[in-house]
**Q** 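Dropping a structure here in structure tokens format, bear with me for questions.
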Amino acid sequence: MPVRIAVDRDKCQGHGMCVMHAPRSFIIDPDTGVAEVVPGGAVRSSREALELAEQMCPVHAISILVEGDK
Ligand code: F3S
């Protein structure tokens with residue numbers, strides 16, 4: 001099932017766990033210190049890696065949205 005991923009830029013504090021667990025999907029903007037989703041990032045990492053990134057973010061800034069879920 002396709003997924004979308006998002007970073008809540010207001011919540012992100014640059015802890016970097018998302019980049020550690022899914023480095024093909026997330027980067028940290030060096031200017032702002034805030035994470036961003038790499039273009040096409042939702043399909044560049046395994047679902048498991050994306051879920052780890054979501055779970056390990058200490059401020060819960062990562063969202064994984066499964067297409068078709070309500
Ligand atoms: Fe930000 Fe959370 Fe990643 S604080 S850098 S989204 S682990």
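Just so you know, ligand 1 is whichever comes first in the structure, and atom 1 is the first atom listed for that ligand. The residues of the chain are indexed from 1 along the displayed sequence. The figures here come from the full heavy-atom set of this structure, side chains too, leaving out hydrogens, waters and symmetry mates.
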**Q** Under 3.5 Å, is there a donor-acceptor pair between the side chain of R24 and the main chain of S45?
**A**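 Checking the backbone N and O of S45 against the side chain of R24, no donor-acceptor pair under 3.5 Å is found.
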**Q** Would you mind reporting whether S25 and L50 have side-chain heavy atoms less than 4.5 Å apart?
**A**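 Result yes, sub-4.5 Å side-chain heavy-atom pair found.
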**Q** How about R44 and V38: do any of their side-chain heavy atoms sit closer than 4.5 Å?
**A**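 With C-beta onward as the side chain, the pair touches.
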**Q** Around atom 5 (S) of ligand 1, find the nearest protein heavy atom and jot down its residue, atom name and distance.
**A**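 Protein heavy atom with the smallest distance to atom 5 (S) of ligand 1: G16 N, 3.2 Å.
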**Q** To the nearest 0.1 Å, how far is atom 2 (Fe) of ligand 1 from its closest protein heavy atom, and which atom is that?
**A**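 Protein heavy atom at minimum distance: C57 SG, 2.3 Å.
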**Q** Taking only heavy atoms of M17 into account, list the atoms of ligand 1 that are under 4.0 Å away from them.
**A**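 So the atoms of ligand 1 that pass are 7 (S).
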**Q** Compare all side-chain heavy atoms of H60 with those of D8 and state whether any distance is below 4.5 angstrom.
**A**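 Counting from C-beta outward, H60 and D8 never come under 4.5 Å.
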**Q** Which pair of non-hydrogen atoms, one from E36 and one from D29, has the smallest distance, and what is that distance?
**A**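 For E36 and D29, the tightest heavy-atom pair comes out as OE2-OD2, 3.3 Å.
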**Q** Looking at atom 3 (Fe) of ligand 1, is there an N, O or S atom belonging to C18 that lies under 2.8 Å away from it?
**A**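 Yes.
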**Q** Given 3.5 Å as the limit, does a donor-acceptor pair link the side chain of R4 with the main chain of L65, or not?
**A**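 Checking the backbone N and O of L65 against the side chain of R4, no donor-acceptor pair under 3.5 Å is found.
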**Q** Taking 4.0 Å as the limit for heavy-atom contacts, which would you say applies to I62 with ligand 1: side chain only, backbone only, both, or neither?
**A**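 For I62, the contact with ligand 1 is made by the side chain alone.
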**Q** What's the shortest distance from atom 4 (S) of ligand 1 to any protein heavy atom, and which residue and atom give it?
**A**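 The closest heavy atom on the protein side is Q13 N, 3.2 Å.
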**Q** Quickly, which of E54, H21, Q55 forms a side-chain contact (heavy atoms from CB on, under 4.5 Å) with I62? Name it, please.
**A**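 Answer after filtering E54, H21, Q55: E54.
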**Q** V59 heavy atoms, cut-off 4.0 Å: which ligand 1 atoms fall inside?
**A**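 Selected atoms, number and element: 4 (S).
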**Q** I'd like to know: is atom 2 (Fe) of ligand 1 within the 2.8 Å range of an N/O/S atom from C12, strictly under that distance?
**A**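 Of the N, O and S atoms in C12, none lies under 2.8 Å from atom 2 (Fe) of ligand 1, which means no.
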**Q** Which atoms of ligand 1 have any heavy atom of A35 under 4.0 Å away?
**A**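 The atoms of ligand 1 under 4.0 Å from a heavy atom of A35 are 5 (S).
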